[in-house]
Amino acid sequence: MMGIDKLEDLRDNREEILDELSKATDPKEIVYWTRQAAEVEDAISAELDRRGRIAHQQVRDRPAPPRRPGPDRLF
């Protein structure tokens, strides 16, 4: 499934970026890696939001289960 690979790739990128950020000493490097980390976090959030919308749509499109007769529906 492509979505899972994309999310795994984003998470791997996040780990690499955070590793580089922890090694950075120059303020310009710190700013650069912080921005990169923010972009990856935004991409991860967008992917999870997209998956949530897809899952919600699939649940909405599914037919409702048959209702069981209750006390008011016996006759």
Side-chain angles (χ1 to χ4, degrees):
M1 179 181 236
M2 182 165 166
I4 292 176
D5 293 338
K6 181 178 180 180
L7 192 58
E8 288 176 1
D9 289 344
L10 287 170
R11 287 181 175 159
D12 290 343
N13 288 347
R14 177 178 57 187
E15 292 301 320
E16 292 170 12
I17 289 170
L18 292 177
D19 186 46
E20 290 295 328
L21 180 59
S22 69
K23 295 176 189 175
T25 56
D26 182 40
K28 289 182 181 181
E29 276 186 282
I30 293 170
V31 169
Y32 172 79
W33 288 115
T34 302
R35 286 182 180 160
Q36 293 297 314
E39 288 178 14
V40 170
E41 289 295 331
D42 289 345
I44 289 172
S45 179
E47 177 66 16
L48 291 173
D49 287 345
R50 184 186 70 80
R51 289 181 185 198
R53 285 191 306 275
I54 290 170
H56 179 71
Q57 185 66 39
Q58 289 172 344
V59 168
R60 270 192 4 198
D61 292 345
R62 191 170 37 190
R67 294 186 61 181
R68 296 160 115 189
D72 57 336
R73 296 182 50 135
L74 290 176
F75 301 103

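The structure displayed is predicted, hence computed values, not measured ones.
In this structure, Leu48 is a member of the same hydrophobic cluster as Ile17, with clusters built from ILVMFWY side-chain heavy atoms closer than 4.5 Å.
Residues satisfying the side chain to side chain donor-acceptor pair (under 3.5 Å) criterion with Lys23, sequence neighbours excluded, are Asp19. The side chain to side chain donor-acceptor pair (under 3.5 Å) search around Glu39 returns none, not counting sequence neighbours. Taking the side chain to side chain contact (heavy atoms under 4.5 Å, CB included) definition, one finds that Asp61 meets it with Gln57, sequence neighbours left out. By the side chain to side chain contact (heavy atoms under 4.5 Å, CB included) test, Ala43 pairs with Leu10, sequence neighbours left out. Considering only residues two or more places apart in sequence or on other chains, Thr34 meets the side chain to side chain contact (heavy atoms under 4.5 Å, CB included) condition with Leu21, Ile30.
Leu7 and Glu47 make their closest contact through CD1-CG, 4.1 Å (heavy atoms, listed as atom of the first residue, atom of the second, distance).
To the nearest 0.5 Å, atom CD of residue Glu16 and atom CZ of residue Arg11 are 15.0 Å apart.
With contacts defined as side-chain heavy-atom distances shorter than 4.5 Å, the pair Arg50/Arg53 qualifies.
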